[in-house]
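Below is one structure, written out as structure tokens, with a few remarks after it.
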Amino acid sequence: MATDTAAAADGASTTTLPLRRHHNQTEFEYVILPSVLLPTYQPNPPGSIVSTYRNLLAQDPDLTKPVAAIESLIELLNSVPSTTVFETLDTVKAHCDRLKASVENPVPLTAGTDLFLQYLVASLKAPQNGSSGAGTSFDAVRQHLLRNGRLFAARAVAARAGVAEAGFRFITEGKAVLTHGNSRSVLAVLERAARNGPGKFRVIYVRDSARAEESDAVVGQLRGKGIPVAEIPGAAVGHAMGLLRQVDMVLVGAEAVAQNGGIISRIGTFQIAQLASRAHVPFYVAAETHKFARKFPLDQRDIGFEQHVLDFTTEGPSKQPVDAVDYTPPELISNLITENGVHLPSYVFEQLLEIYGSLNS
């Protein structure tokens, strides 16, 4: 079997990036030499990738976590000096690990960083096979990466509009849509549907008493678009679906979509999905494809990070985790609404296989 290599160009010891073919797909393997030592970093120093990530989210509330991670890595490429393929990949991977270690729920960031790393490897290989290969300075290659990386991030941001265009057709006149949380993709779908005629459909919003300010903001935004909203507590979801039969469909977002088509989303999503299944109400998920993650949870205990939801104590109120999530399996999901159209949950596996060639992490 033939093996291509990308050699370091700085005159030092050569480091290779082997490429192999497997089932007509391309797999890249990173070779980390024992002699290479990464610098030790202080946790979240000023100007670090963690600071960049948090600043991006603070400055733009519409930015998703995977896209914020991607844009942080683009800023890294622009600011960290490197002269070889190996140095670039090694630096980016180390910062990816540091970024994921800085948050309680690393799954959304994993989706973004994995996607960017795959894009980066493909881009670094491309000049060597094209007309700009031999004799091209690495700085020129890096500038090419920066230009295309920004385009890559811009397309990811624009994906939400594509989700809205694919999903608004489900919301027809007279429908009642139940939702919860603060998914920007869900809000985009509802606002796009409202452009066809405000007041033609209704929204049942599951209010979160622990996030009163967020709930008020979401309801105010929907009502501001002329959409009638009924607010209910979480305890009333089964009543609205089963007894009143007032819910025609459920529409939720996701922090990440697993490769089996299940979703990791705001806590409470799993029980809403179970109630929808029992009441035979369609359950739709609006999510951009950059949230697809190479992760395969088996159940709630297998999401990949710890959440201390149960705090048994005799002293004061129980402590609750911030931004808690749960896992909803694919069998409870009717369809995924993406910028590429509406698909069954199995679509995620097909997409990830096409992107990565192998789903081994």
Side-chain angles (χ1 to χ4, degrees), residues 54 57-58 61-65 103-105 107-108 171 175-191 194 201-256 263-279 281 283-287 300-301 303 305-328 332-333:
R54 291 175 179 171
L57 288 178
D62 287 333
L63 208 59
T64 64
K65 293 175 182 178
V103 297
E104 291 185 6
N105 175 8
V107 180
I171 306 174
K175 294 284 187 181
V177 183
L178 183 140
T179 190
H180 81 137
N182 186 28
S183 167
R184 291 166 287 258
S185 293
V186 169
L187 290 174
V189 172
L190 295 173
E191 291 178 3
F201 67 94
R202 298 159 293 160
V203 169
I204 301 171
Y205 182 77
V206 183
R207 186 177 181 83
D208 187 347
S209 59
R211 299 169 178 266
E213 186 175 344
E214 177 190 85
S215 295
D216 289 341
V218 172
V219 171
Q221 185 174 342
L222 293 173
R223 287 175 175 162
K225 298 293 182 180
I227 303 171
V229 180
E231 301 171 69
I232 64 171
V237 172
H239 180 76
M241 282 189 189
L243 294 178
L244 298 183
R245 300 188 182 277
Q246 289 293 308
V247 179
D248 295 298
M249 59 180 287
V250 176
L251 180 63
V252 300
E255 290 210 5
I263 63 169
I264 294 174
S265 188
R266 174 74 62 86
I267 196 165
T269 303
F270 176 51
Q271 67 183 23
I272 292 175
Q274 288 182 308
L275 291 167
S277 177
R278 183 72 177 264
V281 173
F283 185 92
Y284 299 109
V285 176
Q300 301 297 323
R301 297 164 295 181
I303 57 177
F305 55 94
E306 291 188 6
Q307 292 189 126
H308 301 287
V309 177
L310 299 179
D311 177 29
F312 296 100
T313 178
T314 59
E315 301 176 0
S318 296
K319 297 178 181 179
Q320 292 296 312
V322 178
D323 296 330
V325 296
D326 57 27
Y327 168 68
T328 301
L332 297 179
I333 298 171

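Basis for what follows: all heavy atoms, side chains included, without hydrogens, waters or symmetry-related copies. Owing to the predicted nature of the structure, the values given are computational and were not obtained by experimental measurement.
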Evaluate the side-chain proximity of [Y] to [X]: yes if any heavy-atom separation is below 4.5 Å, no if none is.
{"X": "Thr269", "Y": "Phe283", "value": "yes"}
{"X": "Leu332", "Y": "Gln274", "value": "yes"}
{"X": "Pro228", "Y": "Arg202", "value": "yes"}
{"X": "Val252", "Y": "Ile263", "value": "yes"}
{"X": "Tyr284", "Y": "Ile333", "value": "no"}
{"X": "Ile171", "Y": "Leu190", "value": "yes"}
{"X": "Ile232", "Y": "Tyr205", "value": "no"}
{"X": "Leu187", "Y": "Gln221", "value": "yes"}

* **Reference residue Val247; test side-chain contact (heavy atoms from CB on, under 4.5 Å); the match among Val237, Leu275, Val281** => Val281

* Using the side-chain contact (heavy atoms from CB on, under 4.5 Å) rule, take Met249 and Leu178 through it: C-alpha gap first, then chi angles, then the decisive distance, then the call. => CA-CA 6 Å; Met249 59 180 287; Leu178 183 140; over 6 Å; no

Minimum heavy-atom separation for [X] and [Y], please, with both atom names.
{"X": "Val107", "Y": "Ala256", "answer": "CG1-CB, 3.4 Å"}
{"X": "Ser183", "Y": "Gly253", "answer": "OG-CA, 3.4 Å"}
{"X": "Asp208", "Y": "Ser215", "answer": "N-OG, 3.2 Å"}
{"X": "Ala273", "Y": "Thr328", "answer": "CB-CG2, 3.6 Å"}
{"X": "Tyr327", "Y": "Phe270", "answer": "O-CD1, 3.5 Å"}
{"X": "Asp311", "Y": "Ser318", "answer": "O-OG, 2.7 Å"}

* Mind running side-chain contact (heavy atoms from CB on, under 4.5 Å) on Ile272 and Met241 for me, showing each step along the way? => CA-CA 10 Å; Ile272 292 175; Met241 282 189 189; 4.1 Å; yes

* **Over 12 non-hydrogen atoms of neighbours within 6.0 angstrom of CD in Glu231** => yes

* Asked: Just wondering, are more than 12 heavy atoms of other shown residues or ligands nearer than 6.0 Å to CZ in Arg245?
  ->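 For Arg245, atom CZ is not crowded (no more than 12 foreign heavy atoms under 6.0 Å).
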
* **Val189 and Leu251: CA distance, side-chain angles, deciding distance, side-chain contact (heavy atoms from CB on, under 4.5 Å) verdict** => CA-CA 9 Å; Val189 172; Leu251 180 63; 3.9 Å; yes

* Is Arg207 salt-bridged to Asp216, going by a charged N under 4.0 Å from an acidic O? -> yes

* Asked: Do NZ/NE/NH1/NH2 and the carboxylate oxygens of Arg266 and Glu214 come within less than 4.0 Å?
  -> yes

